[in-house]
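Heads up, the thing below is written out as structure tokens.
Order of the sequence lines fixes the chain letters, A, B, ..., with proteins taken first and strands second; residue numbering starts at 1 for each chain. Every heavy atom of this structure was used, including side-chain atoms; hydrogens, water molecules and symmetry mates were not. Nothing here was measured: the structure is a model prediction, and the numbers come from that model.
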Number of protein chains: 2
Amino acid sequence: MNYAKRVHSPYGDGSLAGDLSLAVVRFARRLRGRRENKLVSLTQLSALSTLHHEGPMTPGALAAAERVRPPSMTRVIASLSDLGMIKREPHPTDGRQAIVTLAPAGMEVVTEELAARKAWLSDRLRELTPDERDTLRDTVLILNKVLADTED
Amino acid sequence: MNYAKRVHSPYGDGSLAGDLSLAVVRFARRLRGRRENKLVSLTQLSALSTLHHEGPMTPGALAAAERVRPPSMTRVIASLSDLGMIKREPHPTDGRQAIVTLAPAGMEVVTEELAARKAWLSDRLRELTPDERDTLRDTVLILNKVLADTED
DNA sequence: TATTGTTATACTCTATAACTATA
DNA sequence: TATAGTTATAGAGTATAACAATA
């Protein structure tokens, strides 16, 4: 595969949307399946990771960041709280809200799980060429940009 | 973003695996959530799409192609059969197996759903640069390659 | 009234374990 | 015995609708 030299496909060739969504869904299925015997699920890890990167926030903000509905995040927060990985603190000025913070156990898990998850995926990535890895790095930026632009 | 000129990141920088898996999972979540009021789910569509691309096959082969366990595929097949989108036919030589084929209704749905799904994703993709779309096209190839290389 | 969050409920997706039928 | 597939069961993840508490 020579990415640099390939001519751009026409604007509306259409197959990209279909191919991309199938590939992403199958890959995500695979990533989730790889998590047996782990302390937290990928959904939980994703929430912990967001708290790690962006700091304490309200449940609503965390739901928005993770792009799930508030009731879904309520359950994720409850499960992580049961595991002692996050703490709920009262909001300083608004009694309706709460502030969710990463507990020490959660911080530890984020670090360990990120390392563990890399174990198998990094093995796969290591077999790719530097160009292919760069492509995937760019993809992370593009997917996050697309997600950020989809506000509804 | 200028993808072509960027220097390759060092071999083992490690963050790619973590960033990629989080981005993929969030994107997949978004894709699934976009399917309300659709005739078939993304899982069902994925199976129909495989039958469309690769032709009739046994439930076991379909499970392998979709990278799910046989019992999971049994349920997908049953639901698609209830919807009249696939047909089960006896295997010519092995009484244990069956051959799953795409029914006319299934063929129609694959075509229509692929078009419908593109409606929103294509809107997003259209806002990207040609370089960014090429990056995503390459990513589809890379992800499928990684999935194909992970046989266990 | 509007907003934030939770509870109640239900559906989809996937898995493991145990079973049936055929090879 | 081994293989292909199904059934039974369970758990994770997500959603909508209805509710409670606070602004």
Phosphate contact (D:dA4 OP1 or OP2) by B:Thr58 side-chain N/O below 4.0 Å: no
Under 4.0 angstrom between B:Thr74 side-chain N/O and D:dT6 OP1 or OP2: yes
Tell me: [atom1] of [X] to [atom2] of [N], nearest whole Å?
X	N	atom1	atom2	result
A:Leu62	C:dG5	CG	P	10 Å
A:Arg67	D:dA15	CZ	P	12 Å
A:Ile99	C:dT4	CD1	C1'	12 Å
B:Ile77	C:dC13	CD1	P	14 Å
A:Gln97	C:dT6	CD	C1'	14 Å
A:Glu66	D:dA15	CD	P	11 Å

Sequence-distant partners of A:Ala65, side-chain contact (heavy atoms from CB on, under 4.5 Å), two or more places apart: A:Thr50
Value rounded to 0.5 Å, distance of OG in B:Ser72 from CZ in A:Arg29: 8.5 Å
Nearest-0.5 Å distance that lies between atom CG in B:Leu83 and atom CG in B:Leu39: 8.0 Å
Any B:Val146 side-chain heavy atom under 4.5 Å of A:Phe27 side chain: yes
Between protein and nucleic acid, restricted to nucleotides 9-13 of chain D and to nitrogen or oxygen atoms under 3.5 Å apart, what atom pairs and distances do you find?
| residue | atom | partner | partner atom | Å |
| --- | --- | --- | --- | --- |
| D:dG13 | OP1 | A:Ser41 | OG | 2.6 |
| D:dG13 | OP1 | A:Thr43 | OG1 | 3.4 |
| D:dG13 | OP2 | A:Ser41 | OG | 3.1 |

Touch class at under 4.0 angstrom, heavy-atom based, for B:Pro59 against every strand present: sugar-phosphate
Touch class at under 4.0 angstrom, heavy-atom based, for B:Ala98 against every strand present: sugar-phosphate
Position toward the 5' end of DNA chain C (nearest nucleotide), A:Val25 or A:Pro71: A:Pro71
A:Ser41-A:Arg32 side chain donor-acceptor pair, cut-off 3.5 Å: no
For DNA chain D, the residues among residues 80-90 of chain A that have a non-hydrogen atom under 4.0 Å from it: none
Partners passing side-chain hydrogen bond (donor to acceptor under 3.5 Å, both in side chains) against B:Thr58 (at least two apart in sequence or in another chain): none
By side-chain hydrogen bond (donor to acceptor under 3.5 Å, both in side chains) - contacts of B:Ser79 (at least two apart): B:Gln44
Below 3.5 Å, can you tabulate the donor-acceptor pairs from side chains in residues 97-107 of chain A to any protein atom, sequence neighbours excluded?
| residue | atom | partner | partner atom | Å |
| --- | --- | --- | --- | --- |
| A:Gln97 | NE2 | A:Asp94 | OD2 | 3.0 |

Contacts under 3.5 Å, N or O only, protein and nucleotides 19-22 of chain D:
| residue | atom | partner | partner atom | Å |
| --- | --- | --- | --- | --- |
| D:dT22 | O3' | A:Gly95 | N | 3.4 |

Heavy-atom closest pair, residues A:Arg67 and B:Arg30: CD-NH1, 3.2 Å
Residues B:Lys145, A:Glu132: salt bridge by 4.0 Å N-O rule: yes
Listed once per pair and sorted, the salt bridge (Lys or Arg N to Asp or Glu O under 4.0 Å) pairs that draw on residues 72-92 of chain B, sequence neighbours left out: none
